[in-house]
Amino acid sequence: MTRSWATRVDETALRRSPNAVVVAHPDDEALWLSSVVASADRVVFGFGALLDRPRTSEARRQAVAALPLSGIVNLEIPESGVGFHSGQALPELTPVGVRISDANVSARYESNYAKLLEGLRAALTGCRDVYTHNPWGEYGHAEHIQVYRAVTALQDELGYTVWFSNYVGAGNWPLVKGLAERLSWARRSIVRPDEATARTLMRVYRRYGAWTWTRTHRWPEREVMYAQPPGSSPDLRHPLSGEWLLDVGRLRWWPPPWRSARRRLK
């Protein structure tokens, strides 16, 4: 956690800071949560240094320091190196994220979950709404899934509502189809991505060499945010099955043919 972030949050700050965006990596907020990042009181980045990539790690650190966002909480947990294990069509989900076969990577990955809980408990105390990765990690990234697991693990303790988006990758579509009946939402909000903010953030990341996504990405006209309230909430729940998701692979300007990014869960 950055030294500037106090482990004890004063009550006055809590009254002013009811909403947070929590993402695994810098630039995730621009891609998956642009509709809310500019208005968030806190923007929390989970992971910092990349495994065995000091130059890229420093570029990421400098980019985060230059972001025109308020309330940044940079936990800077070193990545586990699990990126190479991401994007599986049918990963085995676990309480800390996904099952990892490599023993060394798995040990770092599980250790990072405990660090996330510690950092997020301090960062999210007092929040009313927390926007984060979806349960399948958008295109299946194991650290995105882990952040979702950590955010939801603290939900009943801290009392906030979790919100996630409808982005999905074609490669992990089988996982999402399997989860559709088990996942539920209480409220649904159709929102417009804030492309101006997203592109501003993208330019910062690209300036420092820390943008990790394709340069041909295009933000959709609409995206959907789903609310999961705490377990004690009496709100009626709806299954995710039948919902329209956005295929991230089709959200690009090039190459053709251009196809609709919308895919429906059946």
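These values consider heavy atoms only, across backbone and side chains, with no hydrogens, waters or symmetry-generated copies.
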Does a side-chain heavy-atom distance below 4.5 Å link [X] with [Y]?
{"X": "E181", "Y": "L240", "answer": "no"}
{"X": "T197", "Y": "S34", "answer": "no"}
{"X": "F45", "Y": "L67", "answer": "yes"}
{"X": "P135", "Y": "I145", "answer": "no"}
{"X": "D129", "Y": "P18", "answer": "no"}
{"X": "R192", "Y": "S35", "answer": "no"}

What closest approach, in Å, do [X] and [Y] show between heavy atoms, and which atom pair accounts for it?
{"X": "P193", "Y": "Y167", "result": "CG-OH, 4.3 Å"}
{"X": "G46", "Y": "L116", "result": "CA-CD2, 4.1 Å"}
{"X": "I100", "Y": "V105", "result": "CG2-CG1, 3.8 Å"}
{"X": "L75", "Y": "G119", "result": "CD2-CA, 3.9 Å"}
{"X": "L51", "Y": "G81", "result": "CD2-CA, 3.8 Å"}
{"X": "A63", "Y": "Y208", "result": "CA-CD1, 3.8 Å"}

Are [X] and [Y] grouped together when hydrophobic residues (ILVMFWY) are joined by side-chain heavy atoms under 4.5 angstrom apart?
{"X": "L201", "Y": "W213", "value": "yes"}
{"X": "V204", "Y": "L50", "value": "no"}
{"X": "L246", "Y": "V191", "value": "yes"}
{"X": "L245", "Y": "I190", "value": "yes"}

Test your reading of the model: is there a side-chain donor-acceptor pair from [X] to the backbone of [Y], 3.5 Å cut-off?
{"X": "Q228", "Y": "S184", "answer": "yes"}
{"X": "D235", "Y": "A186", "answer": "no"}
{"X": "R60", "Y": "A49", "answer": "no"}

(request) Not counting sequence neighbours, which residues clear side-chain contact (heavy atoms from CB on, under 4.5 Å) with N104? List them please. (result) D102, R108
(message) Apply side chain to side chain donor-acceptor pair (under 3.5 Å) to residues Y160 and Q155 and explain how you reach the verdict.
(response) CA-CA 6 Å; Y160 50 71; Q155 181 179 18; over 6 Å; no
(message) Before you tell me yes or no, could you show the steps for N19 and R128 under side chain to side chain contact (heavy atoms under 4.5 Å, CB included), namely the whole-Å CA-CA distance, both residues' side-chain angles and the distance that decides it to 0.1 Å?
(response) CA-CA 6 Å; N19 302 326; R128 183 185 69 240; 3.4 Å; yes
Measuring from atom [atom1] of [X] to atom [atom2] of [Y], what distance do you get when rounded to the nearest 0.5 angstrom?
{"X": "H133", "Y": "R149", "atom1": "NE2", "atom2": "CZ", "result": "14.5 Å"}
{"X": "R121", "Y": "T125", "atom1": "CZ", "atom2": "OG1", "result": "8.0 Å"}
{"X": "L179", "Y": "S241", "atom1": "CG", "atom2": "OG", "result": "11.5 Å"}
{"X": "W136", "Y": "N172", "atom1": "CH2", "atom2": "CG", "result": "9.0 Å"}
{"X": "L124", "Y": "E157", "atom1": "CG", "atom2": "CD", "result": "10.5 Å"}
{"X": "E79", "Y": "D52", "atom1": "CD", "atom2": "CG", "result": "11.5 Å"}

(message) For W173 together with Y139, are the ring centres under 6.0 Å from each other?
(response) no
State whether [X] and [Y] are salt-bridged, where the test is any N-O pair (Lys NZ or Arg NE/NH1/NH2 against Asp/Glu carboxylate O) under 4.0 Å.
{"X": "E243", "Y": "R188", "value": "yes"}
{"X": "R61", "Y": "E58", "value": "yes"}
{"X": "R218", "Y": "E195", "value": "no"}

Identified side chain to side chain contact (heavy atoms under 4.5 Å, CB included) partner of [X] from the options [options]:
{"X": "L154", "options": "L158, T152, V151", "answer": "L158"}
{"X": "N134", "options": "W163, W32, Y148, F164", "answer": "F164"}
{"X": "V44", "options": "I72, V130, V73, N74", "answer": "V73"}

(message) Could you check whether S165 and E223, counting side-chain N and O atoms only, form a donor-acceptor pair closer than 3.5 Å?
(response) no
(request) Could you walk me through whether S80 and N112 pass side chain to side chain contact (heavy atoms under 4.5 Å, CB included), step by step? (result) CA-CA 7 Å; S80 62; N112 278 358; 3.8 Å; yes
(message) Which residue in the set Y131, W185, W244 passes ring pair (Phe, Tyr, Trp, His ring centres under 6.0 Å) when paired with Y226?
(response) W185
(request) Answer yes or no: are there more than 12 heavy-atom neighbours, outside R53 itself, under 6.0 Å from its atom CZ? (result) no
(request) Let me see the working for Q146 and V98 under side chain to side chain contact (heavy atoms under 4.5 Å, CB included), right down to the final yes or no. (result) CA-CA 7 Å; Q146 184 172 66; V98 301; over 6 Å; no
Quick one: side chains of residues 21-30, donor-acceptor pairs under 3.5 Å with protein atoms, not counting sequence neighbours, listed by atom name and distance.
{"residue": "H25", "atom": "ND1", "partner": "D28", "partner atom": "OD2", "Å": "3.1"}
{"residue": "H25", "atom": "ND1", "partner": "H144", "partner atom": "NE2", "Å": "3.4"}
{"residue": "H25", "atom": "NE2", "partner": "E143", "partner atom": "OE1", "Å": "2.7"}
{"residue": "D27", "atom": "OD1", "partner": "T212", "partner atom": "OG1", "Å": "3.3"}
{"residue": "D27", "atom": "OD2", "partner": "T212", "partner atom": "N", "Å": "2.8"}
{"residue": "D27", "atom": "OD2", "partner": "T212", "partner atom": "OG1", "Å": "2.6"}
{"residue": "D28", "atom": "OD1", "partner": "H144", "partner atom": "NE2", "Å": "3.4"}
{"residue": "D28", "atom": "OD2", "partner": "H25", "partner atom": "N", "Å": "2.9"}
{"residue": "D28", "atom": "OD2", "partner": "H144", "partner atom": "NE2", "Å": "3.2"}
{"residue": "E29", "atom": "OE1", "partner": "D27", "partner atom": "N", "Å": "2.9"}
{"residue": "E29", "atom": "OE1", "partner": "Y205", "partner atom": "OH", "Å": "3.4"}
{"residue": "E29", "atom": "OE2", "partner": "Y205", "partner atom": "OH", "Å": "2.7"}

(request) Is it possible for you to check whether R206 lies under 6.0 Å from the centre of the six-membered ring of W211, through NZ or CZ, and within 45° of that ring's axis? (result) no
(request) Check the pair W219, R199 against side chain to side chain contact (heavy atoms under 4.5 Å, CB included), reporting the backbone distance first and the verdict last. (result) CA-CA 10 Å; W219 283 263; R199 290 195 174 279; 3.9 Å; yes
